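Shown next, in structure tokens, is the structure this report addresses.
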Amino acid sequence: MFSYPAELDAIDELLAEYEESGANGEGCRASLLTPYGKGSYEEYYSELEGYADKYKEIDPGLADALLMLRDAVKALNVKEHWSVVRYVGEGHGAGFGLTQGRCYYWPCSAERPEYEGVIDDDEFTSYLYPCDADCWEILEDPTGMAARALSGDAGAAHG
């Protein structure tokens, strides 16, 4: 399970200009850099470093962007910084696909402990859900982000 920065899409587009194998001929292509289906963080970081090495002579800016992406993903995925919350709201999250009684991660980094969304063990990215205090029970909150989000102090969406 990974959290990744918005810059991933732009860097992925730059890389796709060089990597023809990502195209399917219909104008749509699979993402080359989305960290989905990887066996480990290290496998993903190694893949980014491999692309950076491959393009450091051809496009040093792309190589630097790939290494920046690696570092950003590393910073975002320190699980010890993430909050763990239990959804205690009604049924299946009022159409949001949340399961009552199930625990979810709220990822953040120590450098930017802000509500960014929800991750469960079946998803590869975070999704924004309403932060209604009566729908969530905080189990772990090392940065205090979840408490701030639920109190309305984190700029999170409230439904």
Side-chain angles (χ1 to χ4, degrees), residues 1-87 92-93 96-99 102-131 136 138-149 154-157:
M1 148 181 23
F2 286 84
S3 183
Y4 54 86
E7 296 84 5
L8 182 142
D9 291 334
I11 297 168
D12 189 64
E13 289 292 327
L14 293 172
L15 182 61
E17 292 177 16
Y18 292 104
E19 295 286 318
E20 293 299 322
S21 63
N24 69 10
E26 298 176 10
C28 295
R29 63 173 186 80
S31 172
L32 298 168
L33 298 179
T34 301
Y36 184 67
K38 306 298 178 198
S40 67
Y41 288 121
E42 290 308 316
E43 179 183 339
Y44 180 67
Y45 302 146
S46 178
E47 185 175 294
L48 292 176
E49 291 163 3
Y51 281 131
D53 285 344
K54 181 176 178 179
Y55 292 106
K56 69 182 172 186
E57 299 295 323
I58 299 167
D59 189 337
L62 174 58
D64 290 344
L66 287 159
L67 295 177
M68 180 280 306
L69 178 62
R70 176 203 59 199
D71 294 344
V73 171
K74 281 183 180 183
L76 288 172
N77 287 282
V78 177
K79 299 294 189 291
E80 292 81 10
H81 298 164
W82 291 12
S83 297
V84 178
V85 295
R86 177 178 293 125
Y87 182 71
H92 278 43
F96 294 111
L98 299 170
T99 302
R102 185 167 182 188
C103 295
Y104 296 89
Y105 285 112
W106 284 10
C108 71
S109 64
E111 299 78 23
R112 189 172 175 255
E114 298 174 13
Y115 176 75
E116 299 174 0
V118 176
I119 291 181
D120 67 22
D121 57 3
D122 295 326
E123 300 296 336
F124 62 91
T125 189
S126 60
Y127 295 95
L128 292 176
Y129 291 96
C131 287
W136 298 99
I138 299 172
L139 302 178
E140 294 182 31
D141 195 20
T143 66
M145 174 271 298
R148 286 191 306 280

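Heads up: numbering here begins at 1 and tracks the sequence. Keep in mind that this is a model prediction, so the values were computed, not measured.
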Worksheet item: Who are the salt bridge (Lys or Arg N to Asp or Glu O under 4.0 Å) partners of Glu43, not counting sequence neighbours?
Response: none

Worksheet, complete the sentence: Scanning both residues in full, the closest heavy-atom pair of Pro142 with Ser83 reads CD-CA, 4.3 Å

Discussion item. So which atom in Trp106 and which in Met145 form the shortest heavy-atom distance, rounded to 0.1 Å?
Written reply: O-CE, 3.2 Å

Discussion item. Given Leu33, which partner from the list Leu14, Leu15, Asp9 fulfils the side-chain contact (heavy atoms from CB on, under 4.5 Å) test?
Written reply: Leu15

Fill in: salt bridge (Lys or Arg N to Asp or Glu O under 4.0 Å) against Glu49, all qualifying residues, sequence neighbours excluded
Arg70

Worksheet item: Who pairs with Glu7 by side chain to side chain donor-acceptor pair (under 3.5 Å), at least two apart in sequence or on another chain?
Response: none

Worksheet item: Closest approach of Ala147 and Asp141, non-hydrogen atoms and distance?
Response: N-OD2, 3.0 Å

Practice prompt. Any chance you could measure Glu140, atom CD, to Tyr105, atom OH, to the nearest 0.5 Å?
Written response: 8.0 Å

Practice prompt. Could you tell me the separation between the CG atom of Asp12 and the CD atom of Glu17, rounded to the nearest 0.5 Å?
Written response: 10.5 Å

Fill in: Trp82 side chain reached by Asn77 side chain, heavy atoms, under 4.5 Å
yes

Worksheet entry | Nearest non-hydrogen partners of Ser109 and Ala75, listed with the distance | CB-O, 3.5 Å

Discussion item. The criterion is salt bridge (Lys or Arg N to Asp or Glu O under 4.0 Å); which residues satisfy it with Lys54, sequence neighbours excluded?
Written reply: Glu19

Practice prompt. Provide the closest heavy-atom pair for Leu139 versus Cys103 in the form atom of the first, atom of the second, distance.
Written response: CD1-SG, 3.4 Å

Response to the item:
Closest non-hydrogen contact found for Thr99 with Tyr104 is N-OH, 2.8 Å

Worksheet item: How would you list all residue pairs meeting salt bridge (charged side-chain N to carboxylate O under 4.0 Å, His left out) that involve residues 103-112, not counting sequence neighbours?
Response: Arg112-Glu114, Arg112-Glu116

Pairs under 3.5 angstrom only: tabulate donor-acceptor contacts from the side chains of residues 56-68 to other protein residues two or more places apart or in another chain.
| from | atom 1 | to | atom 2 | distance (Å) |
| --- | --- | --- | --- | --- |
| Asp59 | OD1 | Gly61 | N | 3.3 |
| Asp59 | OD1 | Leu62 | N | 3.0 |
| Asp59 | OD2 | Tyr18 | OH | 3.0 |

Worksheet item: Can you tell me how far the CG atom of Asp71 sits from the CG atom of Leu76, to the nearest 0.5 Å?
Response: 11.0 Å

